[in-house]
Amino acid sequence: MKIGLFADPHYATKKTACITRRPSLSFRKATEAVRAFRDAGVRFIVCLGDLIDSDFSRKQEEKNLAEIGELLVSSGIPCYCCMGNHDSFIFSKEAFAQISGLTAAPRSFSDENKLFILLDACYHSDGSAYSCKNTDWTDSFIPNEQVEWLKNTLQSSSAAEVTVFIHQNLDPTVEERHIIKNAAQIREILERDGRVKTVYQGHYHPGKTTVHNHIRYVTLKAMCEGDDNSYIIIDI
């Protein structure tokens, strides 16, 4: 089964952000990625967060989200998104889903005896959800309710293999500010289950791959960085 993945387009009309980011190029890059996903016959697509970024007006931000959402939806391939801190800074989860047409985490589904879990760490460490203009990219957390949902989802599934997707980082080896505050708790749950092979993440723009306690953590390089494109097609 092939799956198309990309992370951190930060799509906006701004030509440059944070010195190295090229937000205005991300629509073209996403178009190239969707074309490659379609040609490869992927079963579904996952955006690992920060689909968009702040722009010059709310109207423009809504237009950007609608445009890139339509690009993904019109591919005819099921597409899911783990919202990132930039997405949450601009839109509520409900508005994001309504405008983009995308299915947002937390979510789980099974296919070919495999379980796929999309987690949402857009919460502060006190358990309160990110809200418009109230986010902190260095303070992410998976709240207790979602932790219990994760446990129940794993326990109720008879799938032979589990793959996890999330925006922020469970990998303990990336730069510390990018790591979810209760990452150790989540890793323990995944390790104890024994079927989790890989966790795919975004957020940490340079990208990184690590194996920790028999689970592979793949952090995708951000699509928005520089002029070159970045996406992957996996086969599991």
Side-chain angles (χ1 to χ4, degrees), residues 3-39 42 44-107 118 120-123 129-137 140 165-168 200-205 220-232:
I3 303 166
L5 302 177
F6 66 100
D8 298 271
H10 288 254
Y11 177 50
T13 61
K14 298 176 290 187
K15 291 185 177 181
T16 304
C18 299
I19 303 176
T20 60
R21 299 176 189 175
R22 304 290 182 265
S24 65
L25 301 182
S26 286
F27 189 86
R28 173 184 60 78
K29 292 179 181 181
T31 301
E32 293 173 357
V34 168
R35 185 181 302 119
F37 297 156
R38 188 185 297 115
D39 291 346
V42 304
F44 60 89
I45 299 168
V46 179
C47 171
L48 293 167
D50 287 351
L51 181 62
I52 57 165
D53 208 331
S54 300
D55 216 315
F56 300 107
S57 69
R58 172 72 178 196
K59 183 177 180 180
Q60 185 64 55
E61 291 163 350
E62 291 177 352
K63 182 173 183 291
N64 295 343
L65 180 57
E67 285 178 349
I68 200 163
E70 172 62 20
L71 169 68
L72 295 167
V73 171
S74 66
S75 70
I77 304 168
C79 188
Y80 304 88
C81 185
C82 299
M83 286 179 67
N85 46 290
H86 284 268
D87 302 317
S88 299
F89 184 79
I90 305 168
F91 294 107
S92 67
K93 187 176 295 185
E94 293 75 20
F96 181 90
Q98 180 179 14
I99 295 169
S100 69
L102 302 175
T103 301
R107 187 78 49 168
L118 290 80
D120 178 11
C122 289
Y123 293 80
Y130 286 1
S131 57
C132 297
K133 313 304 180 187
N134 181 25
T135 67
D136 182 351
W137 71 270
S140 59
F165 306 96
I166 190 166
H167 176 65
Q168 295 91 342
Y200 292 97
Q201 312 159 118
H203 198 46
Y204 180 63
H205 283 204
L220 273 66
K221 181 180 178 181
M223 180 178 274
C224 69
E225 292 290 342
D227 296 328
D228 295 334
N229 206 348
S230 182
Y231 58 87
I232 64 173

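Atom set for the values below is all heavy atoms of this structure, side chains included, hydrogens, waters and symmetry mates excluded.
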Q | Test item: K14 and F56 side chains (from C-beta on) under 4.5 Å apart, heavy atoms | A | yes
**Q.** Nearest atoms (heavy-atom pairs only) where C47 meets P9
**A.** SG-CD, 4.4 Å
**Q.** Residues that F91 engages under ring-ring contact (aromatic ring centres under 6.0 Å, His included), provided they are two or more places apart
**A.** none
Q. Is a donor on one side and an acceptor on the other found under 3.5 Å between the side chain of N85 and the backbone of D50?
A. no
Q: Please tell me if the side chains of L65 and I52 come closer than 4.5 Å, counting only heavy atoms from C-beta onward.
A: yes
Q) Can you tell which of D8, L48, N229 makes a side chain to side chain contact (heavy atoms under 4.5 Å, CB included) with M223? A) N229
**Q.** Residues forming a side chain to side chain donor-acceptor pair (under 3.5 Å) with D87, sequence neighbours excluded
**A.** none
**Q.** Over all atoms of both residues, closest heavy-atom pair of C132 and I90
**A.** SG-O, 3.4 Å
Q: Inspect the surroundings of NZ in K133 and state if more than 12 heavy atoms from other residues, nucleotides or ligands are less than 6.0 Å away.
A: yes
Q) With sequence neighbours excluded, what pairs up with T13 under the side chain to side chain donor-acceptor pair (under 3.5 Å) test? A) D55
Q.
Please enumerate all residues that pass salt bridge (Lys or Arg N to Asp or Glu O under 4.0 Å) together with E225, with sequence neighbours excluded.
A. R21
Q.
In the structure I gave you, are the side-chain heavy atoms of S230 and F6 within less than 4.5 Å of one another anywhere?
A. no
Q.
Working to the nearest 0.5 angstrom, can you tell me the gap between S88 OG and Y123 OH?
A. 9.0 Å
Q: Identify, with sequence neighbours excluded, every residue that meets salt bridge (Lys or Arg N to Asp or Glu O under 4.0 Å) alongside R35.
A: none
Q | For the student: nearest non-hydrogen atoms of D136 and Y130, plus distance | A | O-OH, 2.7 Å
Q. H167: what forms a ring-ring contact (aromatic ring centres under 6.0 Å, His included) with it, not counting sequence neighbours?
A. H203
Q: Report yes if some heavy atom in the side chain of L5 is under 4.5 Å from a heavy atom in the side chain of Y231; otherwise report no.
A: no
Q: Any pair with a residue in residues 89-102 that passes side-chain hydrogen bond (donor to acceptor under 3.5 Å, both in side chains), sequence neighbours left out, goes on the list, sorted by first then second residue, please.
A: K93-D120
(Q) Taking side chain to side chain donor-acceptor pair (under 3.5 Å) as the definition, give me every residue that meets it alongside Y200, ordered by chain and number, with sequence neighbours left out. (A) R216
(Q) Measuring only between side-chain heavy atoms, which start at C-beta, is S26 closer than 4.5 Å to C224? (A) yes
(Q) If you count heavy atoms of other groups shown closer than 6.0 angstrom to CG of D228, is the number above 12? (A) no
What donor-acceptor contacts under 3.5 angstrom involve side-chain atoms of residues 67-84, with partners at least two apart or in another chain?
from: E67; atom 1: OE1; to: Y11; atom 2: OH; distance (Å): 3.0
from: E67; atom 1: OE2; to: K63; atom 2: NZ; distance (Å): 2.5
from: S74; atom 1: OG; to: E70; atom 2: O; distance (Å): 2.7
from: S74; atom 1: OG; to: L71; atom 2: O; distance (Å): 3.2
from: S75; atom 1: OG; to: L72; atom 2: O; distance (Å): 2.6
from: S75; atom 1: OG; to: I77; atom 2: N; distance (Å): 3.1

Q | Qualifying residues under side chain to side chain donor-acceptor pair (under 3.5 Å), relative to R38, sequence neighbours excluded | A | none
Q) Among all residues two or more places apart in sequence or in another chain, which pass the ring-ring contact (aromatic ring centres under 6.0 Å, His included) test with H86? A) H10
Q) Counting N and O atoms only, with roles assigned by atom type, does the side chain of N64 sit under 3.5 Å from a partner on the main chain of Q60, one being a donor and the other an acceptor? A) yes
Q: Name all pairs fulfilling the salt bridge (charged side-chain N to carboxylate O under 4.0 Å, His left out) condition that reach into residues 22-32, sequence neighbours left out, sorted by first residue then second.
A: R28-E32
